[in-house]
Asks: 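Before anything else, here's the structure in question.
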Amino acid sequence: QVQLVDSGGGLVQAGGSLRLSCAASGGTFSPYTMGWFRQAPGKEREFVAAILWSDIAAHYADSVKGRFTMSRDKAKNTVTLQMNNLKPEDTAVYYCAAGRASMGTSRNRYSYNYWGQGTQVTVSS
């Protein structure tokens, strides 16, 4: 079974940076899309970024484009989310996710089958 463990969250001041990591295990990930989502209190889980394991180019939500960078390390079976110039509105629990690559870089959380436990990111003003 696919297992995802995300980590790297914390408390940071506005304008600061954090790097989230998602360790994947339990299978081969070449047929998968990997994604990052976030959920703030009182809000639904929203798309942040996604990448095909077989590709190198990630797709981003407009709200994070230019500030966040998603990448994957095939050798380590990990995906990362480098978050720069963080804003208070970025505060949320961040989740890594995986789904079949046939869906492409879907923005729909229901397209993803596997989820990490989530890691809290808090950005103070």
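As the structure is a computational prediction, the values presented were derived from the model and not from experiment.
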Asks: Return the set of residues passing ring-ring contact (aromatic ring centres under 6.0 Å, His included) with Y32 (not counting sequence neighbours), or none when no residue passes.
Replies: F29
Asks: Side-chain contact, heavy-atom cut-off 4.5 Å: L20 with V79?
Replies: no
Asks: Between the side chain of T33 and the main-chain N/O of G104, is any donor-acceptor distance below 3.5 Å?
Replies: yes
Asks: Rounded to the nearest 0.5 Å, how far apart are NZ of K87 and OG of S63?
Replies: 8.5 Å
Asks: Give the cluster check for V93 versus V64: same hydrophobic cluster or not, with ILVMFWY residues linked at side-chain heavy-atom distances below 4.5 Å.
Replies: no
Asks: For L86 and L18, which heavy atoms make the closest approach, and how far apart are they?
Replies: CD1-N, 3.8 Å
Asks: Would you compute the distance between atom CE of M34 and atom CD1 of I51 and round it to the nearest 0.5 angstrom?
Replies: 10.0 Å
Asks: Mind checking the OG-CD spacing from S25 to Q3? Nearest 0.5 Å is all I need.
Replies: 5.5 Å
Asks: Measure the CE-CG distance between M103 and L52 for me, rounded to the nearest 0.5 Å.
Replies: 8.5 Å
Asks: Do you know the tightest heavy-atom contact between L81 and Y94?
Replies: CD2-CD2, 4.2 Å
Asks: Is there a side-chain contact between W36 and C22 (heavy atoms, below 4.5 Å)?
Replies: yes
Asks: Of all the heavy-atom pairs spanning S125 and A14, show the shortest one and how long it is.
Replies: CA-CB, 4.4 Å
Asks: Measure the shortest side-chain to side-chain distance between Q82 and S17 over non-hydrogen atoms and say whether it is less than 4.5 angstrom.
Replies: yes
Asks: Give, for atom OG1 of T69 and atom CZ of R19, the distance between the pair rounded to the nearest 0.5 Å.
Replies: 9.0 Å
Asks: Give me each pair satisfying salt bridge (Lys or Arg N to Asp or Glu O under 4.0 Å) with a member in residues 21-38, each pair once, sequence neighbours excluded.
Replies: R38-E46, R38-D90
Asks: Hey, does the side chain of D6 reach the backbone of C96 with a donor-acceptor pair shorter than 3.5 angstrom?
Replies: yes
Asks: The criterion is ring-ring contact (aromatic ring centres under 6.0 Å, His included); which residues satisfy it with F37, sequence neighbours excluded?
Replies: F47, Y112, W115
Asks: For D73 and T78, test the side chains for any donor-to-acceptor distance below 3.5 angstrom and give the result as yes or no.
Replies: no
Asks: Heavy-atom count around K76 NZ within 6.0 Å, excluding the residue itself: above 12?
Replies: no
Asks: Apply side chain to side chain donor-acceptor pair (under 3.5 Å) to T80 and S21, showing your working.
Replies: CA-CA 4 Å; T80 62; S21 181; over 6 Å; no
Asks: Quick one: CE on M83 to CE on M70, what's the gap to the nearest 0.5 Å?
Replies: 12.5 Å
Asks: T91 side chain to T122 main-chain N or O, any donor-acceptor pair under 3.5 Å?
Replies: no
Asks: Under 3.5 Å, is there a donor-acceptor pair linking the side chains of S7 and T119?
Replies: no
Asks: Are L4 and W53 connected, step by step, through hydrophobic side chains (Ile, Leu, Val, Met, Phe, Trp, Tyr) whose heavy atoms are closer than 4.5 Å?
Replies: yes
